[in-house]
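We number each residue from 1, following the sequence as shown.
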Amino acid sequence: MTSSTNALMPRMRAVLIKDGQGPIENLYIGETDKPVLTKGQVLVKIVAFGLNRMDHYQRQGGYPVPPDASSILGVEFSGRVTELGEGVTRWAVGDEVFGLVGGGAYAEFVNCDEGLLLKKPGHLSWVEAASIPENYITAYQALVKYGEVKKGDHVLVHAGASGVGIAAIQMARESGAATVTATASTTEKLDWLRSIPNGATHTVNYKTEDFAAEVKKTTNGKGVDVVIDFVGQSHWAKNVESLAIDGRMTILATLSGNVVSTVNLGPILYKRLRIQGSTLRSRSLQYQTELIASFRDIVDKVTGANGGGPIRTYIHKVYPWTEIQSAHREMADNKNSGKIVVEVE
């Protein structure tokens, strides 16, 4: 009975995980049920999808999937609309789009709420479009919505060569920041971040230099107005030290650990600091829809690496999805400056 019922369900190929979680070797392309649309959703045939660090953690069983989201990996994609759910008014079959989902992008098809899609501009390739949603919308949220960056601000971006870091650096420059200091762990990454158009004005190797002391020099003792942090515990004290009066810090991850053993609350009080945690995948549909609506103003400014735009997306490497294990290894080895994107064949 079960097998005959399954046979009636439309099927598709997707990247699946043997045993539901595990090492990179557990990733494989297999068959699964094609998504069923609910009210307000659009079915998209995926051309390309982006890789994110959360995919790596989810594959290992360390990243909880939001309620009602697909357990298939992947949160960003580009593709063509193939079917409309009840009540959809913004899109038509055949539209070229890119967007965000709670999960399910490592597949031939994905169902996505119509408010989480963006029209793919003609100047962006499918790969470039797939590289944008998670990183650039996260950077926009951290820097603009919470960091309230404005002309003349001094900005410090950690994990500068990460996808979100690269996006935040360029957005800060485009917003008129006086200085943008980026941290990374290698000379190659730091040199590259200074070399790109609208790249970092200053860089610091956090392994060999004191970034708090460096930004004090850069800002003539004032400190930075905005910090975008992914590191957490090991950077906490220096981040607080780096911030200027009325400074704002957005914490996007805690890669070095969650627990800071001792905290001096004094600087937070007397410098009137504002410290904000931020997530995106777990936010409500209404929040994400409103955020993406405000991000639409940025989209036309984003081009590929050679597109001439004030904000550019940089692709590290493109893999066919038959090489999904190699793509995950590249990400796990932290080899990339820019985005790893996978094309569905």
Side-chain angles (χ1 to χ4, degrees), residues 12 14-17 20-21 27 32 35 41-79 97-118 120 124 126-142 159 162-168 230 252-253 278-293 295 299 302 313 315-316 318-319 321 324 327-328 330-332 336 338-344:
M12 68 172 183
V15 175
L16 305 175
I17 310 170
Q21 65 183 60
L27 293 172
T32 187
Q41 288 189 334
V42 171
L43 190 70
V44 177
K45 189 175 194 315
I46 294 176
V47 176
F49 58 83
L51 264 60
N52 290 283
R53 191 71 54 183
M54 72 179 86
D55 305 342
H56 174 73
Y57 295 131
Q58 184 182 328
R59 188 199 74 241
Q60 294 175 319
Y63 196 110
V65 178
D68 303 322
S70 169
S71 61
I72 295 170
L73 297 173
V75 297
E76 62 183 346
F77 60 90
S78 62
V97 297
F98 62 113
L100 274 178
V101 281
Y106 283 31
E108 285 185 300
F109 294 92
V110 70
N111 54 331
C112 181
D113 188 88
E114 66 171 337
L116 303 186
L117 290 173
L118 293 154
K120 185 183 86 65
L124 290 175
W126 291 110
V127 165
E128 288 163 351
S131 75
I132 291 170
E134 177 66 22
N135 288 341
Y136 284 74
I137 294 170
T138 296
Y140 174 81
Q141 175 182 241
S162 69
V164 178
I166 293 163
F230 305 78
L252 293 172
S278 178
T279 59
L280 181 56
R281 189 180 187 183
S282 60
R283 301 300 292 256
S284 70
L285 175 59
Q286 181 182 345
Y287 175 91
Q288 291 189 21
T289 301
E290 290 171 357
L291 182 68
I292 287 172
F295 176 75
V299 171
V302 183
T313 181
I315 309 301
H316 171 69
V318 181
Y319 290 87
W321 76 335
I324 188 65
H328 264 242
E330 188 81 0
M331 180 171 63
N336 54 305
K339 191 76 176 183
I340 299 169
V341 178
V342 173
E343 291 180 311
V344 177

Checking Val97 against Leu118 for the side chain to side chain contact (heavy atoms under 4.5 Å, CB included) test, could you report, in this order, the C-alpha distance in whole Å, the side-chain angles of both residues, the deciding distance, and whether it holds? CA-CA 6 Å; Val97 297; Leu118 293 154; over 6 Å; no
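- Side chains of Asn52 and Glu134: a donor-acceptor N/O pair is absent below 3.5 angstrom, by distance only.
- For the atom pair CD of Gln41 and CG of Asn111, the computed distance is 4.5 Å after rounding to the nearest 0.5 Å.
- Using a 4.5 Å heavy-atom cutoff, the side chains of Phe295 and Tyr136 are in contact.
- Geometric assessment of Lys45 against the ring of Phe109 yields a positive cation-pi assignment under the 6.0 Å and 45° thresholds.
- Note that CD1 of Ile324 and CG of Leu16 are 11.0 Å apart. Values are rounded to the nearest 0.5 Å.
- Residues Ile46 and Trp321 fail the side-chain proximity criterion, which asks for heavy atoms closer than 4.5 Å.
- Using modelled atom types, one finds a donor on one side chain and an acceptor on the other under 3.5 Å when comparing Tyr106 with Asp55.
- Nearest heavy-atom pair across Gly104 and Val110 is O-CG2, 3.6 Å.
- Between Ala107 and Ala14, the closest heavy-atom pair is CB-CB, 3.7 Å.
- Looking only at side-chain heavy atoms (C-beta outward), Val342 and Leu51 come within less than 4.5 Å of each other.
- Taking the side chain as every heavy atom from C-beta outward, Arg281 and Pro66 approach each other to under 4.5 Å.
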Would Leu117 and Phe77 count as a side chain to side chain contact (heavy atoms under 4.5 Å, CB included) if you check the C-alpha gap in whole Å, the side-chain angles of each, and the deciding distance to 0.1 Å? CA-CA 10 Å; Leu117 290 173; Phe77 60 90; 3.6 Å; yes
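- Residues Gln21 and Gln58 fail the side-chain proximity criterion, which asks for heavy atoms closer than 4.5 Å.
- Contact record, Val341 with Ala48: CG1-CB, 4.0 Å, taken as the closest heavy-atom pair.
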Step by step, would you call Ile315 with Ile340 a side chain to side chain contact (heavy atoms under 4.5 Å, CB included)? CA-CA 6 Å; Ile315 309 301; Ile340 299 169; over 6 Å; no
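- Side-chain contact check for Val318 versus Trp126: every heavy-atom pair is 4.5 Å or farther apart.
- In this structure, the side chain of Gln288 engages the main chain of Arg283 through a donor-acceptor pair within 3.5 Å.
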So Ile17 and Leu73, side chain to side chain contact (heavy atoms under 4.5 Å, CB included) or not? Walk me through it. CA-CA 9 Å; Ile17 310 170; Leu73 297 173; 4.1 Å; yes
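- In this structure a side-chain-to-backbone donor-acceptor pair under 3.5 Å is present from Ser131 to Glu128.
- Side-chain contact between Glu76 and Ile132 is absent, with no heavy atoms from C-beta onward closer than 4.5 Å.
- Between Val47 and Val344, the closest side-chain pair of non-hydrogen atoms is not below 4.5 Å.
- Looking at Arg53, its side chain does come within 3.5 Å of a backbone N or O of Met331 through a donor-acceptor pair.
- Using a distance-only test at 3.5 Å, with no hydrogens or angles considered, a donor-acceptor pair links the side chain of Ser162 to the main chain of Gly165.
- Atoms CG and OG1, from Leu100 and Thr138 in turn, are 7.5 Å apart once rounded to the nearest 0.5 Å.
- The distance from the OG atom of Ser78 to the CZ atom of Phe49 is 10.5 Å, given to the nearest 0.5 Å.
- Looking at every heavy atom in both residues, Asn135 comes nearest to Ala167 through O-CB, 4.0 Å.
- Rounding to the nearest 0.5 angstrom, the gap separating the CG atom in Leu285 from the CG atom in Leu116 is 5.5 Å.
- Between atom OG1 of residue Thr313 and atom CD1 of residue Ile166 there is a gap of 8.0 Å, rounded to the nearest 0.5 Å.
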